[in-house]
Amino acid sequence: MKQKELLIKTTKENPKDEKSINAQLLIRAGFIDKLGAGIYSYLPLGLRVLENIKKIVREEMNNIDGQEVMMPSLLPKENWEKTGRWNVPEMYKLENNKFGLGWTHEEIVTPLVQKYTSSSKDFPKYIYQIQSKFRNEPRAKSGLLRGRDFIMKDLYSFHNNSEDLDNYYEKVKDAYFKIYERCEIKDKTYFTLASGGEFSSAFSHEFQTITNAGEDIIYVCKKCGASFNKEIFNKECICGSKDFDEKKSIEVGNIFKLDDKYSSVFNFKNEESKNILMGCYGLGITRVMGAIVEVFHDERGIIWPKEISPFKVHLISINADAEEIYNNLQKEGIEVLYDNRDKSAGEKLYECDLIGCYLRIIVSEKTLEKLSVEVKKRKEEKTQLVEIKNLIEFIKNEL
Ligand code: ATP
Ligand code: MG
């Protein structure tokens with residue numbers, strides 16, 4: 001992609017109405033556009049990032065036998081009245097009061113799977129979607145961390161017995177950590193015990209990523225590493241220790257066992273007349289994008305992890321022609337953003353750091369004299385000259 005054709009306008013000033021680092025940087029660098037509090041458009045660069053995160057989540061969900069579906073966002077009132085969740089504050093209700101916008105999907109997925117199963121042999125089933133959710137969040141001030149219109153991956157599992165549910169719960173936990181590992185936030189993400197909330201079992205588990213922008217407080221045991229959300233914390237760890245670190249964090253995922261909370265409402269049983277047991281597993285796709293920016297940035301801009309980077313390579317020509325290099329990279333299937341605009345080197349490098357692609361490649365008169373280009377990773381200061389004839393191989397090794 002040539003940068004001059006991209007729908008983008010970067011700015012030096014922070015937007016006045018955004019306090020969070022993720023929103024400031026993502027807007028300044030041209031990834032998102034604000035329409036209102038907690039409502040954003042994803043511009044081409046931003047959408048590429050989102051698609052990269054979705055791809056990782058899909059692959060890891062498919063690895064644990066998840067089947068992808070897509071349920072509607074416009075949801076009939078009857079379903080919610082059955083479970084008593086029509087009048088929750090999160091729900092955006094439409095004028096005619098017959099529909100609400102989907103903020104979660106237990107009320108839809110439970111009767112859906114019930115309709116397409118008939119015997120205990122049909123279980124387990126694992127159904128997920130990646131879809132827009134709508135929530136009337138009163139405090140939508142944290143950029144992508146708390147949207148009113150945001151994207152979530154929600155997985156629901158259906159089981160004949162609790163042993164099967166327990167086993168799958170562990171599998172999902174592992175899959176979530178693989179996702180966070182590929183997003184490079186695993187080291188900062190804690191598996192945290194939390195309350196189950198009004199509509200689920202007594203406890204849930206949250207994946208909490210440490211960041212100052214977080215709205216949660218967790219306590220991490222200094223002795224055994226176990227972690228607890230402040231809302232259930234009782235000052236003593238399961239290992240007996242009372243020594244904790246207090247940390248600010250953001251919930252990037254959440255898993256809990258619903259058991260028969262929803263199946264009982266919808267009268268969803270197997271042929272032995274036992275209620276089907278359910279688990280539900282949420283992961284905030286857009287929130288993960290925001291969290292990555294909170295974790296990976298410096299005073300110059302965003303520093304995208306390799307798998308998330310909107311383009312793997314940002315190729316910049318400075319008083320030189322890099323057209324042939326650009327074409328060769330494209331031919332090799334390397335994702336490259338090419339900046340051959342008629343702008344000063346300073347301006348181009350400034351924008352390059354702000355956008356934060358994984359690799360920067362500069363082609364200038366000086367490098368061409370040595371039949372080379374200059375390569376630098378956004379996360380490192382070190383630059384190196386690579387001969388053009390070895391460039392493709394060099395990049396492929398780096399990616
Ligand atoms: P929070 O306590 O932060 O409001 P929640 O408990 O309401 O989160 P869930 O209903 O379990 O969240 O949703 C599953 C996942 O969706 C969360 O773990 C989070 O990653 C994401 N999520 C929830 N609310 C939002 C939001 N308003 N904007 C972006 N992502 C969200
Ligand atoms: Mg919430």
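All values below were derived from every heavy atom in this structure, side-chain atoms included, with hydrogens, water molecules and symmetry-related copies excluded. Each ligand, and each atom within it, is numbered from 1 in the order the structure gives. This structure is a prediction, so every number in the text was calculated from the model and none was measured. Throughout, numbering of the chain's residues begins at 1 and tracks the sequence.
- Contact residues of ligand 1 (protein heavy atom closer than 4.0 angstrom to a ligand atom; sorted by chain and number): R135, E137, L144, L145, R146, G147, F150, M152, E251, V252, G253, N254, G282, G284, R287.
- When atom types are taken as modelled, the side chain of R341 and the backbone of K4 share no donor-acceptor pair closer than 3.5 angstrom.
- Note on ring orientation: taking the six-membered ring where Trp is involved, the planes of F158 and F268 are tilted (angle from 30° to 60°).
- Ring planes of F244 and F233: perpendicular class, angle over 60° (limits at 30 and 60°).
- E351 and T10 form a side-chain donor-acceptor contact under 3.5 Å, judged by distance and modelled atom types alone.
- Ring geometry, F177 versus F207: the interplanar angle exceeds 60°, so the pair is classed perpendicular (tilted spans 30 to 60°).
- A salt bridge links K54 with E51: at least one charged nitrogen is closer than 4.0 Å to a carboxylate oxygen.
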